[in-house]
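Note that ligands are numbered from 1 as they come in the structure, with each ligand's atoms numbered from 1 the same way.
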Amino acid sequence: MIIAGLTGGIASGKSTISRFLSAAGARVVDADKIAREVVEPGTPGYDAILAFFGRTIILPDGNIDRKRLGEIIFNDPDKKARLDAIVHPLVVERSAEMIAQITAETPNAVVIMDVPLLIEAGMARDLEEVIVVYVPETLQLERLMNRDGIDEPAAMARIRSQMPIEEKRKRATLVIDNSGTPDDSRRAALAVFQHLKQRSIKAAE
Ligand code: ADP
């Protein structure tokens, strides 16, 4: 088995590459999806959030109002830290369970930890490989504006709120350049998968 991290900047193409890696045969563990699952109604994460933030962050259907929660923590670092302290350990625990299950089923699996803020969260040093999906910032801006239907200042503000993509690229052990066609990127993702698969097979020997 080998565990590689997958990250990028907003609209650099992480979701696109994640799909290509999955199609190539990688087992993707999606941190955003897990972060939603561990706070679904009926979970201990849900109860903990409700206890701290109160009923005002619950939607009529019983789910957590993620937009509202996002607004609350946006300008309140203490509340953000409290929310992270609830959600983060649950995500780590669930990810570990999923990795254990994958390894039991497939000893030489290629596991991809898909984590938007992998580098910011300090996870890079614990992973054997860190894949960064890279595009130059001008293309990142253009794709973000197109995907989300927002104007240039709004897109730029979102890009500027993150670690620059050039910085992330420096911390990668593997870079997938996503500035070409989707087909170019599919091939690049396949090559990365094959590299990881070889390492995984060696590790299992
Ligand atoms: P992320 O998950 O990093 O935020 P996405 O995978 O959603 O980024 O990609 C951002 C946008 O760019 C999407 O609209 C996607 O369809 C488009 N896109 C991704 N890769 C390419 C590519 N190689 N060529 C053209 N458009 C792309």
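Ligand 1 has an N or O atom lying under 3.5 Å from an N or O atom of G180, backbone or side chain.
Closest to atom 15 (C) of ligand 1 among all protein heavy atoms lies T16 OG1, 4.2 Å. Among all non-hydrogen protein atoms, the one lying nearest atom 20 (N) of ligand 1 is N178 ND2, 3.0 Å. In this structure, atom 25 (C) of ligand 1 lies nearest to the protein heavy atom R143 NH2, 3.5 Å. For atom 8 (O) of ligand 1, the nearest non-hydrogen atom of the protein is G13 N, 3.1 Å.
When G8, A188, S15 are checked for heavy-atom proximity to atom 2 (O) of ligand 1, S15 turns out nearest. Residue nearest to atom 13 (C) of ligand 1, selected from Q140, R147, E142, K14: R147 (by heavy-atom distance).
If you check the side chains of D177 and S179, you find a donor sitting under 3.5 Å from an acceptor. Checked by atom type, the side-chain pair S12/Q140 shows no donor-acceptor distance below 3.5 Å.
Taking a 6.0 Å sphere around CD of E37, one finds it holds more than 12 heavy atoms contributed by other residues, nucleotides or ligands.
For ligand 1, the atoms closer than 4.0 angstrom to any heavy atom of T181 are 23 (N). Every atom of ligand 1 with a heavy atom of G9 under 4.0 Å away is listed here by number and element: 3 (O).
The pair K170-E167 meets the salt-bridge criterion, since a charged nitrogen lies less than 4.0 angstrom from a carboxylate oxygen. Salt-bridge annotation for R171 and E120: absent, with no side-chain N of the basic residue lying under 4.0 Å from a carboxylate O of the acidic one. Remark: R36 does not engage D32 in a salt bridge, criterion side-chain N to carboxylate O under 4.0 Å.
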- Walk me through it: do I49 and V87 pass the test side-chain contact (heavy atoms from CB on, under 4.5 Å)? CA-CA 9 Å; I49 289 177; V87 178; 4.2 Å; yes
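Ligand 1 lies less than 4.0 angstrom from a heavy atom belonging to S12.
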